[in-house]
Amino acid sequence: RAFAQANLPFEFAVLDTLALVRNQYPNFNEATNGNRPIEKKCCCGAKEGEEPNVLAQGRLAEEFEALRMQVNLNVIIPEGVSEYKTLYLLHGLSDDCTAWPRHTSIERYANDRKIAVVMPTVLRSWYTDTVGGEKYLTFVTEELPDKCRSFFKGMSERPEDNIIAGLSMGGYGAIKS
């Protein structure tokens, strides 16, 4: 497979899922603008007036063959590193690629560790290849890393530099990968 577990501290692997479970946003609809991503300040440690040390953070939509459709991705790329590790972070059943940036400090974690983070939307697929249909597992383990490496120069191809993790359904997808 395209991924291997890296030797990262446990708290990084689980990120802020405990804060998410404890519902750190008491008024969820207001905090997320009705479950849509909202503009927010960088939480990667930059002080007011300073440029954050993150080269790129953005959302893109790209066509993928394995799924025969366009997929939304959130991507964070570190600055000042020529080759970097990549974390593929998978969402749970009721979320999409916006869940991690909305509910965690993923920008800060990525910045502190100088890693790229790729967060794809895979709907309610259970990260499974379907018979005669979309191939979500193939998408996550093969096509997504290849396409990301072609877009973002510097993503390492070494298995030990590629990590996959997820929450709930995303954890299932990470284990299957």
Using the side chain to side chain contact (heavy atoms under 4.5 Å, CB included) rule, take Val122 and Leu90 through it: C-alpha gap first, then chi angles, then the decisive distance, then the call.
CA-CA 8 Å; Val122 298; Leu90 309 180; over 6 Å; no

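- To the nearest 0.5 angstrom, Met169 atom CE is 5.0 Å from Ser125 atom OG.
- Every residue was checked against the salt bridge (charged side-chain N to carboxylate O under 4.0 Å, His left out) condition with Glu65, not counting sequence neighbours, and none meets it.
- Considering every non-hydrogen atom in both Glu63 and Lys147, the closest pair reads O-NZ, 2.8 Å.
- By the side chain to side chain contact (heavy atoms under 4.5 Å, CB included) test, Ser168 is found to be paired with no residue, residues two or more places apart in sequence or in another chain being considered.
- Put simply, the side chain of His91 does not reach to within 4.5 Å of the side chain of Thr98, judged on heavy atoms.
- Side-chain contact between Leu123 and Met69 is present, with at least one heavy-atom pair separated by less than 4.5 Å.
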Begin with the C-alpha distance, continue with both residues' side-chain angles, and end with the deciding distance and a verdict on side chain to side chain donor-acceptor pair (under 3.5 Å) for Lys176 and Thr141.
CA-CA 10 Å; Lys176 285 176 65 171; Thr141 59; over 6 Å; no

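- Looking at every heavy atom in both residues, Glu107 comes nearest to Pro101 through OE2-CB, 4.2 Å.
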Begin from the C-alpha positions of Asn72 and Asp96 and carry the test side chain to side chain contact (heavy atoms under 4.5 Å, CB included) through to its verdict.
CA-CA 9 Å; Asn72 288 323; Asp96 62 11; over 6 Å; no

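- In terms of the salt bridge (charged side-chain N to carboxylate O under 4.0 Å, His left out) criterion, Lys135 has no residue partners (sequence neighbours excluded).
- The OH atom of Tyr172 lies 7.5 Å from the CH2 atom of Trp126; values are rounded to the nearest 0.5 Å.
- Residue pairs satisfying the ring-ring contact (aromatic ring centres under 6.0 Å, His included) criterion with at least one member in residues 65-85, sequence neighbours excluded, are absent.
- Considering only residues two or more places apart in sequence or on other chains, Thr138 meets the side chain to side chain donor-acceptor pair (under 3.5 Å) condition with Asp129.
- Within the structure, the ring-ring contact (aromatic ring centres under 6.0 Å, His included) test picks out the following pairs touching residues 130-151 (sequence neighbours left out): Phe64-Phe139.
- Rounded to the nearest 0.5 angstrom, Glu134 CD and Leu67 CG are separated by 6.5 Å.
- The nearest pair of heavy atoms linking Pro120 to Cys97 is C-CB, 3.8 Å.
- Under the side chain to side chain contact (heavy atoms under 4.5 Å, CB included) criterion, Asp146 pairs with Arg149, sequence neighbours left out.
- In this view, Ile175 satisfies the side chain to side chain contact (heavy atoms under 4.5 Å, CB included) rule with no residue, not counting sequence neighbours.
- Taking CG from Leu167 and OG1 from Thr104, the interatomic distance works out to 10.0 Å, rounded to the nearest 0.5 Å.
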Please determine whether side chain to side chain contact (heavy atoms under 4.5 Å, CB included) holds for the pair Asn74 and Trp100, giving the CA-CA distance in whole Å, both sets of side-chain angles, and the decisive distance to 0.1 Å.
CA-CA 9 Å; Asn74 268 345; Trp100 291 104; over 6 Å; no

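- When the side chain to side chain donor-acceptor pair (under 3.5 Å) test is applied to Glu83, the partners found at least two apart in sequence or on another chain are Arg158.
- Within the model, atoms CG of Leu89 and OG1 of Thr86 stand 12.0 Å from one another, a figure rounded to the nearest 0.5 Å.
- Remark: Arg113 CZ to Lys85 NZ distance equals 11.0 Å, nearest 0.5 Å.
- By the 4.5 Å heavy-atom criterion applied to side chains, Ser177 and Val140 are counted as neighbours.
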Begin from the C-alpha positions of Ile77 and Met155 and carry the test side chain to side chain contact (heavy atoms under 4.5 Å, CB included) through to its verdict.
CA-CA 9 Å; Ile77 303 294; Met155 285 186 170; 3.9 Å; yes

